[in-house]
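Let me begin by presenting the structure, written as structure tokens, before commenting on it.
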Amino acid sequence: MASRTSGTVVVHPLVLLNISEHTTRTAAQSKAGSLTNAPLVCGALLGRQLENQAEVFLSFELKFNARDGGGPAPYELDDSHFLTRMDQMKQIFPEDEFIGWYVVGSSIQVTPGIAVLHQQIMRALPTALLLVFDAAFETGDGGAALPLAVYDTLPPTRVERVKLQQNFGAVSNESTAAVDYYVESASDDAIPLEIDTVWASHLVPLRISIDSGEAERVAIEHVAHVSRPTTMEIMLGEESVGGASSMVVAGQESEQNVPVVLTSRMATFLSSQRNAVDMLYRDITVLKAYVGEVISGEAPFDPEIMQLVQRMLCNRPVVQNDEMFDLAMMQEETNFHMTAYLANITTTASVVRNLALRSNAALSAARNKHQPYVNTNREGGMYDGSSGMSSMFGGGGRHARQRGFGHFR
Amino acid sequence: MDAADALKLFELDNNIVPLSASDEKVYCYDGQLQSDQLDQRPWRADPRYYRKVEISSIALVKMVMHARSGGDIEVMGLMLGKVVGQTMVVLDAFALPVEGTETRVNAHHESYEYMVQYLEQCQAAGRQEPVIGWYHSHPGYGCWLSGIDVETQMLNQKFQEPFLAVVIDPKRTMSAGKVDLGAFRSFPEGHIAAKSQDTDSDGFQSVPLNKIEDFGVHADKYYPLDVGYFKSSLDQRLMERLWRKHWVSTLSQSPLITNGEFTTLKMLELAEKINIFSKDAKKNVSAGQIIRESDAIAEEVSQGYASNMIKKRLFGGT
């Protein structure tokens, strides 16, 4: 049984989007035949490494040059390109360091080709992370996990050569837990090795979790829900009847073939919250089903999972009978009520003002109806109702004049 | 280990990547096609030639994150992309190491160096699109072009066409929970803007009082473009999977805390505007604007409050 992962890695969604874009671009270029470099999709990962948790914030593309003569390593990392780019990144993001690299393939296994390149990376950073992205993942409910695996490189130890060759035998589609990966590292000749052992580093899969900063979250949600998939129509700027001259104003969405749909911000916000709660509910149902099966004896008992479940149950309710918390909640509630009240007052004041203006205009025009109509647009342009009303009474004034009351003026 | 086998297992197999026909067209840069389109310089004949902008997913995420990271300081960067007919397509964006100050007409020398080097690196790594525009942030005061911005953009459009200006407001983005972004192009000097339907006399967002003069004076020197956002097929699939883990962030956000300061500022602004309005100095402030602003503030606060209540019910016990 494979050992349980000890460390976790936090991956930011921006990194995944970068990788996705790099893949799409390379595939598009390669199909169009305009690919200048080798058709590899690899890049560097930047972030921070603390104790046993690594966090990956950014990524950028790496350049590999085809090495002549083939041999075991057909591609070679372009060092100068890599160093220049690192320098540039450091200027903008001084806190992030090079912590690993990513490669895109058709599965999340570590293939021999990948291992060979990893050796090159290890020269620059012995404990580099390796992120393998599977571009061929299936959509639909079948796969729920993210199509990637992150491996941590442990310091080299003595490893039997047999084990090294074991992984490179059949790269099957079984779970990665069944296979232990080893990458041979440069051996130190001073230390004697037994026959059939080499210095190799064990690649340990890490547990992946996703986290995003505030701005990242808003942008990702936007990409997930508002962005449309590329279509030829979008790119050629062809809009059907509804879409033409509408701006993307917050709170409004306009779609092709549909007239402008006014979705209130509150509705969108609540529906996204509801989606999140839905996911929570689904997860809880799964856990409940699992616990039920363990009790009835159908499923194997897993102590780690049970521990997590129990901890979760004990943690709820998160806060109870905490004076300061209750006070803070009440303050927020009061703030909210006051703000809503103020907004209502403002709207009401405006309505009353409009009413006053109109009735004033009506009354004064009625009082002066025997006089020729005088333009009452003193109020200024922003209140449109007044001009409408005034012109109505203006018509009445003119009629009055025609009946010969004009000499009063 | 056979070298040929190693190669086969390693290189990207095109057939596995979900690539729609339009993906191919968008993400692959065709230099010849571009220069063909640009040779005729269609913007000279019609200053409003470019009507739409399409922004890719990573360009958007990078710009929003960069804008937010600046806090209260304006930040700026460049965008890479191409044109397709009357649409400008932004494919990527990168930050410039420039401090935001009031005088930004000429980018400093270090940032020119940085830019040139960065573009070289991009070309080497396989990204061939040229610079298509610049973006900068207006933290808290809305998406429009200030006087200096208009000057910069006019200069850019004289020498680097086609060029686009994008403005992002990170504070309003966080406050509203939606990306607040505007794309603009300036008119050439001396061009009189016809009063068309896109210049809304009320403005589609309210500008704080201390900037309102700047906004009004230059408002007719540029026009906004329609903004659309797109993502590739792979992006879309990835987003579906990502949502599986990402919903935690959505549920755990606390808008009241994140935006507390900004909300207070907005309310003070609004109070001032109401004062001005009631004292009869009606320039630049209208009743409709005031109502809209107060509704917006109330809505955002109630969203934050709703989020609090949801969390309390879920995790807080009775």
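Every chain is numbered from 1 and lettered A, B, ... according to where its sequence line falls, protein lines coming before strand lines.
Between A:Glu21 and B:Arg127, at least one side-chain N (NZ, or NE/NH1/NH2) sits under 4.0 Å from a carboxylate O, which counts as a salt bridge.
Taking the side chain as every heavy atom from C-beta outward, A:Asp278 and B:Trp247 never approach each other to under 4.5 Å.
Residue A:Leu280 places its CG atom among more than 12 non-hydrogen atoms of other residues, nucleotides or ligands, all under 6.0 Å distant.
Neither side chain, B:Gln253 nor A:Glu214, offers a donor N or O lying under 3.5 Å from an acceptor on the other. Judged purely by distance below 3.5 Å, without hydrogens or angles, the side chains of B:Thr250 and A:Glu221 pair a donor atom with an acceptor atom.
Summarising the geometry, atom CD belonging to B:Gln121 is positioned 4.5 Å from atom OG1 belonging to A:Thr84; distances are rounded to the nearest 0.5 Å. How far CZ of A:Phe325 is from NZ of B:Lys312: 7.0 Å, rounded to the nearest 0.5 Å. Between the OH atom of B:Tyr114 and the CD atom of A:Gln88 there is a distance of 5.0 Å, given to the nearest 0.5 Å. Remark: A:Phe336 CZ to B:Glu300 CD distance equals 13.0 Å, nearest 0.5 Å. In this structure, CZ on A:Arg217 lies 10.0 Å from CZ on B:Arg68, to the nearest 0.5 angstrom. B:Leu60 CG to A:Ile220 CD1: the interatomic distance, rounded to the nearest 0.5 Å, is 9.0 Å.
A:Gln29 contributes a side-chain N or O that, together with a main-chain N or O of B:Gly126, makes up a donor-acceptor pair within less than 3.5 Å. At least one donor-acceptor pair closer than 3.5 Å links the side chain of B:Lys231 to the backbone N or O of A:Ala224.
Listed options B:Val301, B:Ile310, B:Asn308 were ranked by heavy-atom pairs under 4.5 angstrom with chain A; first place goes to B:Val301. For the options B:Gln236, B:Gln117, B:Lys62, heavy-atom pairs under 4.5 Å to chain A are most numerous at B:Gln117. Taking A:His22, A:His337, A:Gln273 one by one and counting their heavy-atom pairs under 4.5 Å with chain B, the maximum is reached by A:Gln273. Per-residue heavy-atom pair counts under 4.5 Å with chain A were compared for B:Ser302, B:Ala298, B:Ser232, and the maximum is reached by B:Ser302. Put simply, of A:Asp78, A:Asp283, A:Ile208, the one with the most heavy-atom pairs under 4.5 Å next to chain B is A:Asp283. In terms of heavy-atom pairs under 4.5 angstrom with chain B, the leader among A:Met279, A:Met329, A:Glu216, A:Glu61 is A:Met279. Of all the listed residues (B:Ile55, B:Val248, B:Leu256), the one sharing the greatest number of non-hydrogen pairs under 4.5 Å with chain A is B:Leu256. Counting heavy-atom pairs closer than 4.5 Å to chain A, the top residue among B:Gln303, B:Met174, B:Met239 is B:Gln303.
Of all the heavy atoms in A:Ala219 and B:Val179, the pair that sits closest is CA-CG2, 4.5 Å. B:Ile290 and A:Thr346 make their closest contact through CG2-CG2, 4.1 Å (heavy atoms, listed as atom of the first residue, atom of the second, distance). Of all heavy-atom pairs between B:Ala125 and A:Arg25, the closest is O-NH1, 4.4 Å. B:Trp243 approaches A:Ala276 most closely through the heavy-atom pair CZ2-N, 4.0 Å. A:Leu270 and B:Ala306 get closest at one heavy-atom pair: CD2-CB, 4.3 Å. Considering all non-hydrogen atoms of both residues, A:Ile92 and B:Ala95 come closest at CD1-O, 3.4 Å.
For chain A, the nearby parts of B:Leu242 are the backbone and the side chain; heavy atoms of each come within less than 4.5 Å. Residue contact with chain B, scored on non-hydrogen atoms closer than 4.5 Å, involves the backbone and the side chain of A:Leu16 alike. Heavy atoms closer than 4.5 Å to chain A are found nowhere in B:Met63, neither backbone nor side chain. For A:Phe133, the part sitting under 4.5 Å from any heavy atom of chain B is the side chain, from C-beta outward, and nothing else.
Cation-pi geometry between A:Arg85 and B:Tyr118 is met: the NZ or CZ atom falls under 6.0 Å from the ring centre, inside 45° of the normal.
Screening A:Thr23, A:Ile19, A:Leu17 for a side chain to side chain contact (heavy atoms under 4.5 Å, CB included) involving B:Leu234 leaves a single residue, A:Thr23.
Ring pair B:Tyr229/A:His222 is perpendicular by interplanar angle, where above 60° counts as perpendicular and below 30° as parallel.
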